[in-house]
There are 2 protein chains.
Amino acid sequence: MSTIGKALTLLDAISRLEKEAGLSDIARHCALDKATARRFLVELEKHGFVEQDVETRRYRLGGAPVRLARIREARFPYLSVATPFARELANLTGETVHLSEHAAGRLSTVHVEDSQRAHRVIVDVGSILPFHATASGLAFLAFSQAREIDEALSAPLKAFTDQTLTDPVTLRQTLGETLRRGYSICHHGLETGVVSVAAPIRAPGSTPVGAIAVAAPATRAEKETVDQMGRAAMAAARRISERLFGLEQVAADPLARRAG
Amino acid sequence: MSTIGKALTLLDAISRLEKEAGLSDIARHCALDKATARRFLVELEKHGFVEQDVETRRYRLGGAPVRLARIREARFPYLSVATPFARELANLTGETVHLSEHAAGRLSTVHVEDSQRAHRVIVDVGSILPFHATASGLAFLAFSQAREIDEALSAPLKAFTDQTLTDPVTLRQTLGETLRRGYSICHHGLETGVVSVAAPIRAPGSTPVGAIAVAAPATRAEKETVDQMGRAAMAAARRISERLFGLEQVAADPLARRAG
DNA sequence: AAGCTAAGGTTCATATATTGAACCGAAAGA
DNA sequence: TCTTTCGGTTCAATATATGAACCTTAGCTT
């Protein structure tokens with residue numbers, strides 16, 4: 001792997017750590033030499049991607065990504081367009097709703113609207129959603145190109161619960177159903193006791209850019225309720241997609257054409 | 001410079017470009033060889049920091065920073081805490097208000113609340129604020145440590161307008177006034193016809209993390225108005241700082257100790 | 001208080017990854 | 001048609017990254 005790749009992987013690791021970590025910790029975590037890890041951290045710090053606590057000497061995520069994110073959002077307003085629909089969906093269903101975005105070959109949570117109920121599903125902003133074990137992942141894959149599906153299913157598929165689907169054949173079947181239905185359903189895929197539904201956000205005819213999902217405790221997920229939530233997610237996804245990609249004003253909006 | 005540094009500089013350059021750019025453009029812009037630029041871009045793309053338009057082959061900022069920014073914001077909620085105060089300040093003054101954050105040795109705009117007036121100052125999210133030529137920069141420096149001030153003033157100071165202060169001695173005097181007054185004033189420093197005031201956001205006794213500024217057309221900047229805006233900015237900054245750094249719950253909130 | 005361990009950080013010879021001039025084919029302009 | 005410029009690739013030369021060993025300090029254990 002290139003140096004850049006290693007450094008960005010280190011940054012990713014830091015973002016995934018619960019709290020700030022020390023040099024040795026980080027080095028161990030990334031299987032890097034202490035000296036190397038330090039050089040990376042210093043370099044990342046120079047550019048504001050990590051910060052070092054002056055007192056504890058521990059490292060944490062810096063402020064630079066905030067600036068980049070604001071610029072990105074100004075050019076491709078995924079969050080600001082999608083958030084209101086997510087909130088609406090959360091109000092409608094009474095359950096936790098989360099938005100994910102596809103970047104670096106992974107689906108990551110970029111926004112969460114918490115359910116108002118006491119008994120609800122918790123989703124962390126920033127968490128990575130495995131393709132095979134989440135409704136978001138299934139919805140994303142189902143509407144992706146064959147190449148993407150093959151790639152996702154060829155990797156070893158971790159069983160997060162005893163009900164996680166890990167068989168590529170079964171999964172392909174599930175993706176087929178999802179494609180026909182228009183939204184995905186995932187029972188206890190990532191965590192036992194959680195049922196979720198999701199629909200892809202996409203320009204017509206092209207690969208999705210993300211997904212919107214509703215996650216509910218299994219106790220509230222009767223078959224009919226699930227279908228209602230699924231349809232609602234689908235409707236929200238469609239409206240978000242229309243707002244983002246417009247009624248084919250492709251020429252005016254270069255971002256309508258996204259990388260495949 | 002290290003490879004990582006160069007790659008992050010390239011990323012920075014892309015973020016600063018108005019629109020997506022082609023490979024040769026980017027390489028020229030960063031004074032890198034085309035082959036090198038391409039390798040960097042490919043690597044950055046793998047990690048979601050840039051995207052390549054599949055059709056035009058041009059490159060643009062990717063979605064990865066959004067995820068990192070959300071995580072950063074969850075741990076150190078600078079934007080979500082400061083934004084409401086910025087809005088309040090914008091309503092109170094009727095002028096454009098912007099928030100900046102210190103990262104990578106630079107002050108960058110992370111949020112803007114536009115004035116409702118037709119004749120108003122425009123500030124771009126993501127823009128870098130030079131220390132010597134903006135109210136935000138002066139406010140930040142005035143409350144920083146001597147080392148930081150020396151460093152900022154030792155670099156060549158560009159005259160953005162014919163009224164930009166570029167003499168280190170005069171600037172130090174200005175910083176002294178700012179420190180006593182509690183807020184900074186900048187007349188036509190970055191752009192002719194704009195007067196702005198700013199106050200630092202900081203934990204008591206430590207270096208600022210950013211600033212909040214009000215920018216008004218000079219025609220509306222009577223001496224008394226400026227003072228009112230300055231005091232209002234100061235009040236907002238103080239309230240934001242209190243919310244961010246709390247009433248000394250340092251032990252509970254490790255982020256209260258920030259890198260100097 | 002001595003002794004131990006692990007922390008953050010640094011050094012420098014070695015090895016490896018980065019570099020860029022030259023190249024290719026495609027497409028746009030003259 | 002000819003020319004230029006584009007995105008992208010190749011490979012020998014070389015600048016750069018690497019990591020074992022080292023230092024110092026801080027906190028524990030005995």
Side-chain angles (χ1 to χ4, degrees), chain A residues 1-14 17-62 105 147 250-251 254-255 257-260, chain B residues 1-14 17-62 105 147 250-251 254-255 257-260:
Chain A
M1 196 195 287
S2 74
T3 308
I4 298 170
K6 280 179 256 180
L8 294 180
T9 304
L10 185 150
L11 182 61
D12 195 80
I14 287 185
L17 260 31
E18 285 299 312
K19 45 201 276 317
E20 59 233 67
L23 171 61
S24 300
D25 256 359
I26 293 172
R28 258 193 304 274
H29 210 272
C30 306
L32 290 172
D33 186 88
K34 234 180 0 165
T36 303
R38 173 135 217 287
R39 263 192 316 271
F40 287 0
L41 286 166
V42 167
E43 213 59 40
L44 288 167
E45 186 180 24
K46 270 190 205 155
H47 292 260
F49 286 83
V50 306
E51 273 176 3
Q52 183 177 32
D53 188 301
V54 103
E55 210 172 291
T56 66
R57 312 233 118 188
R58 295 165 102 77
Y59 298 89
R60 76 176 91 94
L61 208 52
R147 239 199 79 263
V250 175
L255 290 197
R257 294 188 303 274
R258 304 236 323 177
Chain B
M1 196 195 287
S2 75
T3 308
I4 298 170
K6 280 179 257 180
L8 295 180
T9 304
L10 185 151
L11 181 60
D12 195 79
I14 287 185
L17 260 33
E18 284 299 314
K19 46 200 279 312
E20 60 233 67
L23 171 59
S24 300
D25 255 359
I26 293 172
R28 256 192 304 275
H29 210 273
C30 306
L32 289 173
D33 186 87
K34 234 179 3 165
T36 304
R38 173 137 217 286
R39 253 174 299 108
F40 287 179
L41 286 165
V42 167
E43 213 59 41
L44 288 167
E45 186 180 24
K46 271 190 204 156
H47 292 260
F49 286 83
V50 306
E51 273 176 3
Q52 183 177 31
D53 188 302
V54 103
E55 210 172 291
T56 66
R57 314 232 116 189
R58 293 165 103 79
Y59 298 89
R60 76 177 90 96
L61 207 52
R147 240 199 77 262
V250 175
L255 290 198
R257 294 188 302 274
R258 305 238 321 179

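Values below: every heavy atom of this structure, side chains too, minus hydrogens, waters and symmetry copies.
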Working to the nearest 0.5 angstrom, can you tell me the gap between B/T36 OG1 and B/R39 CZ?
4.5 Å

Hey, could you give me the CD1/NZ distance between A/I26 and A/K34, rounded to the nearest 0.5 Å?
13.0 Å

Would you indicate, yes or no, if C/dG8 has its OP1 or OP2 atom less than 4.0 angstrom from a side-chain nitrogen or oxygen of A/R57?
no

When you check the side-chain N and O atoms of A/Q52 and A/Y59, is any donor under 3.5 Å from an acceptor?
yes

Expected string for nucleotides 13-30 of chain C under the B/S/- scheme (protein heavy atoms, under 4.0 Å, primed atoms plus P, OP1, OP2 as sugar-phosphate) is ----SSBBB---------

Using chain A heavy atoms and a threshold of under 4.0 Å, write down where along DNA chain D the contacts begin and end, 5' to 3'.
D/dA17 to D/dA20

CZ of A/R58 to CG of A/D25: how many Å apart, nearest 0.5 Å?
6.5 Å

Step by step, work out the side chain to side chain contact (heavy atoms under 4.5 Å, CB included) result for A/D12 and B/H47.
CA-CA 9 Å; A/D12 195 80; B/H47 292 260; 5.9 Å; no

Need one value for A/R58: base, sugar-phosphate or nothing, where a base atom within 4.0 Å counts as base even if backbone is also close, heavy atoms only.
nothing

Spacing of A/T3 atom OG1 and B/E43 atom CD [to the nearest 0.5 Å]:
9.0 Å

With five pairs defining each end axis, the helix from C/dA1-D/dT30 to C/dA30-D/dT1 comes out bent, to 10°, by 30°

Can you tell me how far NZ of A/K46 sits from CG of A/L41, rounded to the nearest 0.5 angstrom?
12.5 Å

Under 4.0 Å between a side-chain N/O of A/R38 and OP1 or OP2 of C/dA7, yes or no?
no

